[in-house]
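Ligands are counted one by one from 1 in listed order, and the atoms in each one are counted from 1 as well.
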Amino acid sequence: MRAVSVHRDVLVTTSRLWQTNAVALRAGDEAMLVDSPYFPDELEALPGLLAGAGFEPDALIATHADYDHLLGRLAFPGLALGLGEPSVVRLHQEPGAAQRALRDKDDELYVERPAPLALGEVQTLPVPGSIELGPEELELHPADGHTSDGMAVMARWCGLLCVGDYLSNVEIPMVESGLGDYRATLARLAPLVEAADTVVPGHGTPSTRDEALRILDEDVDYLDTLERGEEKPRLPKGRDSREQRKIHAENLARV
Ligand SMILES: [Zn+2]
């Protein structure tokens, strides 16, 4: 697991699975963890790694209800998980789906866990809305289209924007919910990216404002080719692999 400090008050850890990012941030004497790493050894090492860097989370939140973002309580079982209201709705509509998907992925990768995923008592967060972290405020913005739920977390005081599974330098848009929703989310994210110094995607490398704006443009172009139904489009540089073509084929089948 890689750990990179992108601001005095922000530490990004990156899992070996899909470069999944978990973001620790602090303000005053409070800290929070957004999303999670995946592998048991990463989850076990996380509390010590964060504490060593001066981050001891008082709260957990997840950008959306896909299992690879929900594992924070496996590292911090004493903390409640905060989810945007659309994610809570999704969990109620698909009871046990996240746990099943996690089990399937674990089986595929031969991963054994000391304990199954228990989401415990989930705290419902207002989206759009805001929550407090110490003396500061985290803005929660809707980000659906990848899935039916999703929120982007903006920490203006430190120039940080966590977007969940959007604006990735390693993954093309995965359109699981709706092309129109996905487009609307990119349009909503654009001014937030403009106001940020660092953008952390759910998967991939944290980017500067300019890099994130370039990815956003590429993603808008990609959605155009998807809407036209092109079977073999040119995918953005750095994301033109067999795996990404597989994701494109799945997108085509869905839209
Ligand atoms: Zn993800």
Side-chain angles (χ1 to χ4, degrees), residues 1-2 4 12-24 33-40 42-43 46 60-75 81-84 86-91 94 97-109 111 113 117 119 122 125 127 140-153 160-178 181-182 185-186 189 199-207 212 215-216 219 222-223 235-236 238-239 241 243-244 246-248 250-251 254:
M1 183 167 54
R2 201 167 66 216
V4 179
V12 180
T13 67
T14 306
S15 169
R16 302 191 301 279
L17 180 74
W18 300 325
Q19 298 194 37
T20 306
N21 291 315
V23 183
L33 181 70
V34 182
D35 290 345
S36 60
Y38 169 79
F39 288 107
E42 298 173 329
L43 290 159
L46 190 63
L60 308 170
I61 61 175
T63 54
H64 59 298
D66 280 354
Y67 67 90
D68 51 324
H69 301 262
L70 289 178
L71 308 184
R73 288 189 78 249
L74 295 177
L81 177 67
L83 290 172
S87 295
V88 175
V89 169
R90 181 179 159 199
L91 286 176
E94 313 167 347
Q99 284 88 346
R100 278 193 300 278
L102 175 65
R103 233 169 20 233
D104 288 348
K105 181 50 72 178
D106 285 347
D107 288 347
E108 183 192 327
L109 298 177
V111 167
R113 292 187 190 273
L117 173 63
L119 292 175
V122 166
L125 309 176
V127 183
L140 309 177
H141 298 271
D144 51 338
H146 162 54
T147 52
S148 64
D149 59 333
M151 64 180 180
V153 181
L160 175 76
L161 177 64
C162 300
V163 288
D165 285 0
Y166 297 88
L167 307 183
S168 167
N169 64 316
V170 295
E171 184 175 81
I172 63 167
M174 286 176 84
V175 187
E176 294 177 15
S177 173
D181 293 342
Y182 204 111
T185 287
L186 290 184
L189 289 178
V199 176
V200 182
H203 306 275
T205 317
S207 55
I215 293 170
L216 196 148
D219 286 356
Y222 169 74
L223 295 180
L235 296 180
R239 295 187 274 171
S241 64
E243 185 62 24
Q244 298 307 304
K246 211 169 94 189
I247 292 173
H248 174 62
E250 289 163 3
N251 284 339
R254 274 189 299 254

The Zn ion (ligand 1) to nearest N/O/S of D68 below 2.8 Å: yes
Heteroatom N/O/S of H69 within less than 2.8 Å of the Zn ion (ligand 1): yes
Option passing side-chain hydrogen bond (donor to acceptor under 3.5 Å, both in side chains) with H146 (candidates T63, D66, D181): D66
Reported CZ-to-CZ distance for the pair F39 and R113, which is rounded to 0.5 angstrom: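 That separation rounds to 8.5 Å.
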Nearest atoms (heavy-atom pairs only) where N169 meets R239: O-CG, 3.3 Å
Atom name of the N, O or S atom in D165 that lies nearest to the Zn ion (ligand 1): OD2
H203 atom (N/O/S) at minimal separation from the Zn ion (ligand 1):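 Relative to the Zn ion (ligand 1), the closest nitrogen, oxygen or sulfur of H203 carries the name NE2.
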No-hydrogen, no-angle side-chain donor-acceptor test under 3.5 Å, Y222 and N251: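 Looking only at side-chain atoms, N251 and Y222 do form a donor-acceptor pair, the distance falling under 3.5 Å.
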